Trainee: 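Here it is, the structure in full.
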Amino acid sequence: MRWRTILLQYCFLLVTCLLIALEAVPIDIDKTKVKNTQPMDSAKIEPPDTGLYYDEYLKQVIDVLETDNHFREKLQKADIEEIKSGRLSKELDLVSHHVRTKLDELKRQEVGRLRMLIKAKLDSLQDTGIDHHALLKQFDHLNHLNPDKFESTDLDMLIKAATSDLEHYDKTRHEEFKKYEMMKEHERREYLKTLNEEKRKEEESKFEEMKKKHENHPKINHPGSKDQLKEVWEETDGLDPNDFDPKTFFKLHDVNNDGFLDEQELEALFTKELEKIYDPKNEEDDMVEMEEERLRMREHVMNEVDANKDRLVTLEEFLKATEKKEFLEPDSWETLDQQQFFTEEELKEYENLISLQENELKKKADELQKQKEELQRQHDQLEAQKQEYHQVVQQMEQKKLQQEISPPGHGGESKFEPLI
């Protein structure tokens with residue numbers, strides 16, 4: 001689930017340390033009142049998986065770039081727009097030869113990995129005559145025209161691809177969740193068709209009962225509201241709700257001490273609310289829906305608080321949000337059980353798509369079965385030929401052996417019984 005903040009986290013890893021030192025408000029926290037406050041070594045915190053298919057390549061490239069003093073210095077002074085626009089990529093020409101050599105090697109490895117993926121995919125489709133050069137065009141996070149050298153173009157493409165992909169990742173997840181819900185409903189209805197009338201009524205009654213049971217949960221605080229944060233302050237942090245202080249709260253939940261609340265740290269704030277609705281032990285509670293609810297909460301808070309839309313919340317942004325009316329007097333929060341994920345028309349269209357896919361799979365399965373039967377026929381034919389050949393060899397060996405052991409007859413000719 002932790003996959004969206006890696007690009008900005010890496011880009012601001014160094015500069016945020018300076019920002020904290022220069023701008024952060026000193027906060028005196030009574031650690032004796034806070035639960036589980038062991039200091040965290042930020043150097044040991046592994047960056048979250050972005051979910052991108054080139055995640056490992058992205059991490060390795062940034063790790064190598066940060067070893068160059070010149071590039072690191074430029075990175076400290078760069079703003080988010082400079083990074084996203086590609087202007088920072090021009091600084092690649094000034095990095096050390098050692099760094100460029102490492103980047104060249106990383107690119108060759110990535111190109112090799114992509115070619116293997118392409119070959120595996122085409123082999124599965126029984127295609128021949130692979131044109132790696134043409135197929136690599138579909139991967140827009142590197143310059144495929146020069147597979148051996150890592151250039152400024154590669155860094156520019158990598159940053160832009162990652163930024164674009166991460167910005168669309170939430171939308172993709174919402175779409176996948178919608179498909180999940182439609183598939184769940186489709187399978188439920190298909191199962192009901194297999195039952196007689198009495199059993200079907202029992203199953204539908206059970207379904208409605210489970211639905212009502214799930215909807216019967218405590219009131220949910222509006223994500224990012226004062227009430228919601230105070231509950232975290234009291235139940236998670238173990239502090240007196242009357243002493244709630246936004247600055248202290250921000251500092252406590254900036255887990256890696258980088259001066260920002262990233263998306264991962266924000267999502268952690270909603271755990272108490274989600275526990276009111278979902279319990280993995282309950283049959284009526286769906287954990288896939290819980291993660292969708294968490295995503296919706298995080299998106300809502302980001303839209304309300306993240307003023308510059310860099311997917312990170314600064315202390316200044318956080319404090320400004322606590323001054324808004326929505327923070328003190330929020331509207332009620334509608335949970336997923338109050339939402340309609342799809343219409344009947346959308347479900348019907350999805351079922352038609354499923355039917356087409358099933359028919360296509362059946363067609364391929366029939367073709368594979370025919371291929372299997374043909375291979376079995378050829379195998380049986382080869383086995384029969386092999387057996388026939390083996391018998392001929394045995395007969396020849398037996399004939400040769402009898403010729404060697406039979407006594408000579410008249411005229412010096414050997415006599416032997418003909419083989420049957």
Side-chain angles (χ1 to χ4, degrees), residues 1-14 43-72 74-75 78 80 82-123 130-170 172-173 256 262-264 310-312:
M1 296 301 298
R2 316 307 185 194
W3 31 257
R4 295 163 296 277
T5 62
I6 178 68
L7 181 62
L8 294 175
Q9 282 181 327
Y10 269 138
C11 292
F12 287 97
L13 181 62
L14 298 172
K44 295 181 180 179
I45 297 176
E46 287 294 326
D49 188 343
T50 63
L52 305 176
Y53 68 88
Y54 49 90
D55 173 77
E56 188 63 26
Y57 176 64
L58 173 64
K59 292 177 182 177
Q60 290 174 341
V61 167
I62 297 176
D63 284 342
V64 170
L65 286 172
E66 286 188 336
T67 64
D68 184 84
N69 293 332
H70 171 79
F71 195 89
R72 186 167 63 247
K74 289 293 182 181
L75 183 61
I80 184 61
E82 187 175 1
I83 294 172
K84 292 171 69 174
S85 68
R87 295 196 300 271
L88 185 66
S89 303
K90 305 302 180 184
E91 300 298 328
L92 184 68
D93 295 332
L94 302 177
V95 301
S96 67
H97 175 72
H98 179 65
V99 169
R100 291 298 292 267
T101 301
K102 284 188 175 180
L103 292 174
D104 291 345
E105 178 59 27
L106 286 178
K107 183 177 179 181
R108 285 192 291 269
Q109 292 176 3
E110 179 68 358
V111 171
R113 183 182 73 87
L114 296 179
R115 284 175 172 166
M116 288 179 62
L117 291 175
I118 292 171
K119 185 178 186 306
K121 181 177 180 179
L122 294 183
D123 284 349
I130 300 171
D131 184 353
H132 289 117
H133 183 73
L135 291 172
L136 279 171
K137 292 180 181 179
Q138 65 185 292
F139 300 103
D140 58 1
H141 66 285
L142 50 71
N143 179 15
H144 68 279
L145 296 176
N146 185 355
D148 298 317
K149 292 291 183 180
F150 190 99
E151 303 166 321
S152 59
T153 307
D154 290 289
L155 182 57
D156 187 30
M157 293 178 69
L158 181 60
I159 291 175
K160 289 181 178 178
T163 302
S164 175
D165 291 343
L166 291 174
E167 287 176 349
H168 291 88
Y169 213 93
D170 286 346
T172 301
R173 286 187 58 201
N256 58 2
D262 58 39
E263 294 176 331
Q264 179 180 357
D310 64 354
R311 303 172 77 89
L312 296 167

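Below, each value reflects all heavy atoms present in this structure, side chains not excepted, and no hydrogens, waters or symmetry copies. As the structure is a computational prediction, the values presented were derived from the model and not from experiment.
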Trainee: Less than 4.5 Å apart, side chain to side chain, heavy atoms only: is that true for His141 and Glu110?
Mentor: yes
Trainee: Taking the side chain as every heavy atom from C-beta outward, state whether Arg108 and Val111 have any atom pair closer than 4.5 Å.
Mentor: no
Trainee: Can you measure from CG (Leu58) to CG (Leu106) and round to the nearest 0.5 angstrom?
Mentor: 11.5 Å
Trainee: Can you list the steps and then say if Leu145 with Thr153 is a side-chain contact (heavy atoms from CB on, under 4.5 Å)?
Mentor: CA-CA 11 Å; Leu145 296 176; Thr153 307; over 6 Å; no
Trainee: Between Glu56 and Lys59, does any side-chain N to carboxylate O distance fall below 4.0 Å?
Mentor: no
Trainee: Looking at NZ of Lys107 and NE2 of His144, how far apart are the two atoms once the value is rounded to the nearest 0.5 Å?
Mentor: 9.5 Å
Trainee: Could you check whether any side-chain heavy atom of Thr172 comes within less than 4.5 Å of a side-chain heavy atom of Asp170, counting everything from C-beta outward?
Mentor: no
Trainee: Main chain of Gln109, side chain of Tyr57: is a donor-acceptor contact present, judged purely on distance under 3.5 Å?
Mentor: no
Trainee: To the nearest 0.5 Å, how far apart are CG in Leu158 and CD1 in Ile62?
Mentor: 6.5 Å
Trainee: Is any side-chain heavy atom of Glu91 closer than 4.5 Å to a side-chain heavy atom of Leu155?
Mentor: no
Trainee: Under a 4.5 Å cut-off applied to non-hydrogen side-chain atoms, are Leu142 and Leu114 in contact?
Mentor: yes
Trainee: For a side-chain contact (heavy atoms from CB on, under 4.5 Å) check, start with the C-alpha distance between Asp148 and Asn146, then their side-chain angles and the critical distance, and finish with the verdict.
Mentor: CA-CA 6 Å; Asp148 298 317; Asn146 185 355; 4.2 Å; yes
Trainee: Go through the steps for Glu105 and Lys102 under the test salt bridge (charged side-chain N to carboxylate O under 4.0 Å, His left out), then give the verdict.
Mentor: CA-CA 5 Å; Glu105 178 59 27; Lys102 284 188 175 180; over 6 Å; no
Trainee: Can you list everything that forms a salt bridge (Lys or Arg N to Asp or Glu O under 4.0 Å) with Asp104? Sequence neighbours excluded, please.
Mentor: Lys149
Trainee: Check Met157 against Asp140 and note the closest heavy-atom contact, atom names and distance.
Mentor: CE-O, 3.5 Å
Trainee: Using only atom types and a distance under 3.5 Å, with no angle test, would you say the side chain of Asn143 pairs donor to acceptor with the backbone of Asp154?
Mentor: no
Trainee: Judged by atom type as modelled, is there a donor-acceptor pair below 3.5 Å linking the side chain of Asp68 to the main-chain atoms of Leu65?
Mentor: no
Trainee: Measure the shortest side-chain to side-chain distance between Phe150 and Val61 over non-hydrogen atoms and say whether it is less than 4.5 angstrom.
Mentor: yes
Trainee: Are the side chain of Tyr54 and the backbone of Phe139 linked by a donor-acceptor contact shorter than 3.5 Å?
Mentor: no
Trainee: List the steps, then state whether side-chain contact (heavy atoms from CB on, under 4.5 Å) holds for Arg113 with Leu117.
Mentor: CA-CA 6 Å; Arg113 183 182 73 87; Leu117 291 175; 3.5 Å; yes
Trainee: More than 12 heavy atoms of other residues, nucleotides or ligands under 6.0 Å from NE2 of His70: is that the case?
Mentor: yes
Trainee: Say whether, by atom type as modelled, one donor and one acceptor occur between the side chain of Arg311 and the main chain of Asp262 under 3.5 angstrom.
Mentor: no
